[in-house]
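Step one of this worksheet: look at the structure below.
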2 protein chains.
Amino acid sequence: MSIKDSVTENLIKETAKKVFFVEGRFNATTQEIADAAGVNRTLVNYYFRSRDLLFEKVLVEGQQEFRASLEETINPAFTFKEKIGHFIDVWMAHSLKYPYLDAYLASQANSGNYLDKMHKSKSQEEEKKKAAFLKEIKLEMEKGTIPEMDPMQYMINLISMISYPLSMRPVLEKAFNLNKKNYAAILDGRKNAILKSLFKD
Amino acid sequence: MSIKDSVTENLIKETAKKVFFVEGRFNATTQEIADAAGVNRTLVNYYFRSRDLLFEKVLVEGQQEFRASLEETINPAFTFKEKIGHFIDVWMAHSLKYPYLDAYLASQANSGNYLDKMHKSKSQEEEKKKAAFLKEIKLEMEKGTIPEMDPMQYMINLISMISYPLSMRPVLEKAFNLNKKNYAAILDGRKNAILKSLFKD
DNA sequence: ATTTTGTTTAACAATTTTGTCAAACACAGA
DNA sequence: TCTGTGTTTGACAAAATTGTTAAACAAAAT
């Protein structure tokens with residue numbers, strides 16, 4: 001992150017994020033992005049040299065922002081249920097901001113080999129926090145407040161129930177015959193529904 | 001579905017499905033598909049006229065196959081839990097065959113306006129079955145065997161927990177530092193983990 | 001006022017991807 | 001064998017997308 005980030009450079013970058021992660025248009029061209037940003041397409045090359053470099057930067061930053069969000073997640077002296085609740089809040093807020101981020105990651109992982117560039121700087125700390133969280137889940141299972149299973153599975157259940165309804169929104173809307181308003185109502189109720197499924201009571 | 005489906009025509013179509021739905025390469029070119037199928041690219045145009053028409057056909061058929069799978073789902077005199085278990089089996093089997101189908105649907109829904117072509121022939125029957133299933137969920141909640149919530153939310157929880165780990169596989173593998181073998185083990189345990197989260201006991 | 005620096009633009013070139021067409025091919029039926 | 005039909009191929013054209021360059025521009029520094 002250089003201090004001198006040109007306004008235009010940032011505009012292009014943010015617009016690209018919007019197109020990919022908010023609108024979910026995974027194969028947008030540089031022209032489309034430039035149009036969306038209201039700038040000349042050549043500026044994409046001027047600031048990012050190539051289309052791929054822009055995409056890569058956007059992808060990396062998207063992940064960083066995501067992890068930054070999650071930083072504030074596993075912190076304080078909350079009860080376990082409160083922690084999970086907070087986790088849902090934070091993750092949902094971010095998934096609401098960038099509904100298609102993980103789908104984009106998956107698609108890029110498959111198409112190019114962006115997998116290398118993904119998750120470069122996975123710090124030791126993060127690993128420890130994750131392990132600690134899994135251990136906490138296990139503990140809670142022994143206490144009997146949540147159903148017994150591999151803590152990893154529990155984690156995956158949690159993440160799935162948060163993310164899927166957001167990244168598959170248009171599909172689910174069609175499948176269930178819901179309009180925007182209906183679906184918004186559904187999303188409002190997600191947190192409770194998830195908690196109900198994760199806790200015995 | 002015409003009776004005379006040329007071998008080559010089918011080969012191209014199935015290969016395209018594989019590239020999109022199995023390998024998750026959403027922006028594959030006609031050349032790449034032709035190569036994967038081992039045929040001359042021109043044949044794509046010969047049989048499907050244009051790239052878009054191929055994509056559309058593949059997309060529609062993908063949905064049809066999916067729904068055909070689900071047909072056998074909501075049938076017999078099973079207990080509710082057995083029904084859900086069976087539902088998981090069927091849906092997982094299909095999601096295992098086409099892990100990226102719904103992600104592809106979502107991405108297409110966003111990029112083009114394929115949404116129109118999606119879900120054309122949603123029969124009355126299907127609607128009724130779906131409604132009946134939701135009612136059955138509600139009934140079960142009143143019996144107290146599953147947590148109380150909007151039945152639609154319950155349904156979404158179910159689908160999310162099935163599909164997400166499959167369509168986001170590469171992302172989750174990275175995020176959790178799992179190799180193919182580890183992840184396969186996780187997938188093996190999914191059904192139980194999902195059932196544990198869906199049923200009070 | 002004039003250089004300098006960084007930014008923006010338009011015109012152009014290169015590349016990639018798609019679509020068309022005529023010729024070659026295979027093979028069944030007359 | 002010859003003809004007809006459908007299939008396959010390669011060469012080419014067209015379109016779309018990306019990348020480059022030189023010139024125009026703006027605003028600050030000298």
Side-chain angles (χ1 to χ4, degrees), chain A residues 1-21 23-61 100 104 107-108 110-114 117, chain B residues 1-21 23-61 100 104 107-108 110-114 117:
Chain A
M1 252 185 272
S2 59
I3 299 180
K4 173 99 185 100
D5 267 355
S6 145
V7 172
T8 307
E9 179 175 355
N10 242 296
L11 176 61
I12 293 173
K13 214 163 47 185
E14 293 307 315
T15 305
K17 282 180 198 166
K18 191 169 135 198
V19 169
F20 292 141
F21 307 150
E23 299 171 10
R25 296 165 47 204
F26 294 169
N27 35 18
T29 66
T30 54
Q31 184 65 255
E32 289 175 294
I33 291 172
D35 288 349
V39 304
N40 191 297
R41 182 182 61 81
T42 315
L43 292 176
V44 172
N45 292 294
Y46 178 71
Y47 285 111
F48 302 95
R49 305 201 59 78
S50 81
R51 170 202 143 100
D52 280 349
L53 286 177
L54 167 62
F55 286 12
E56 183 187 322
K57 182 159 279 184
V58 159
L59 184 143
V60 169
E61 282 194 15
Y100 299 102
Y104 181 80
S107 104
Q108 288 307 306
N110 291 319
S111 295
N113 41 6
Y114 285 85
K117 280 138 195 172
Chain B
M1 252 185 271
S2 59
I3 299 181
K4 173 97 186 102
D5 267 356
S6 145
V7 172
T8 307
E9 179 175 354
N10 242 295
L11 176 61
I12 293 173
K13 215 164 48 187
E14 293 307 316
T15 304
K17 283 180 197 166
K18 192 168 135 196
V19 169
F20 293 142
F21 307 150
E23 300 171 9
R25 295 165 49 205
F26 295 167
N27 36 18
T29 66
T30 55
Q31 184 64 252
E32 290 175 294
I33 291 172
D35 288 349
V39 304
N40 191 297
R41 180 182 62 81
T42 315
L43 292 176
V44 173
N45 292 295
Y46 178 69
Y47 284 111
F48 303 95
R49 305 201 59 80
S50 81
R51 170 201 143 101
D52 280 348
L53 287 178
L54 167 61
F55 286 11
E56 183 188 324
K57 183 159 279 185
V58 158
L59 183 143
V60 169
E61 283 196 14
Y100 298 104
Y104 182 79
S107 105
Q108 288 307 306
N110 291 318
S111 296
N113 40 6
Y114 285 85
K117 281 139 195 173

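Because the structure is a prediction, the values reported are computed rather than measured. Letters go in sequence order (proteins before strands), and every chain restarts at 1. Side chains are part of it too, since the values below use all heavy atoms of this structure and drop only hydrogens, waters and symmetry mates.
One atom, CG of A:Asn40, and another, P of D:dT18, lie 14 Å apart when rounded to the nearest Å. Look at CG on B:Asn27: it is 13 Å from C1' on D:dT17, rounded to the nearest Å. Rounded to an integer number of Å, the gap from B:Ile12 CD1 to D:dT7 C1' is 11 Å. In this entry the distance linking CD of A:Glu9 with P of C:dT8 reads 10 Å, nearest Å. Taking atom CG of A:Leu53 as the reference point, atom P of D:dT20 lies 11 Å away to the nearest angstrom.
Listed pair A:Thr8 / C:dT8 meets the phosphate criterion, a side-chain N or O lying under 4.0 Å from OP1 or OP2.
In this structure, A:Tyr47 reaches the sugar-phosphate backbone alone: every heavy-atom distance under 4.0 Å involves primed, P, OP1 or OP2 atoms, never a base.
Residues that satisfy the side chain to side chain contact (heavy atoms under 4.5 Å, CB included) test with A:Thr8, not counting sequence neighbours, are A:Ser6, A:Ile12, A:Val39, A:Leu43, A:Tyr47. A:Glu32 is linked by a side-chain hydrogen bond (donor to acceptor under 3.5 Å, both in side chains) to A:Arg25, A:Thr29, counting only residues two or more places apart in sequence or in another chain. For B:Ser50, the side chain to side chain contact (heavy atoms under 4.5 Å, CB included) criterion is met by B:Asp52, B:Leu53, not counting sequence neighbours. Residues passing the side chain to side chain contact (heavy atoms under 4.5 Å, CB included) test with A:Arg41, sequence neighbours excluded: A:Thr30, A:Gln31, A:Ala34, A:Asn45. For A:Phe26, the ring-ring contact (aromatic ring centres under 6.0 Å, His included) partners two or more places apart in sequence, or in a different chain, are A:Tyr104.
Note that CD of A:Glu14 and CZ of A:Phe21 are 10.0 Å apart. Values are rounded to the nearest 0.5 Å.
Judged by Watson-Crick or G-U wobble contacts below 3.5 Å, the nucleotide C:dT2 has D:dA29 as its partner.
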Reading nucleotides 11-25 of chain C 5' to 3', which nucleotides get B (base under 4.0 Å from a protein heavy atom), which S (sugar-phosphate only), which -? ------SBBBB----
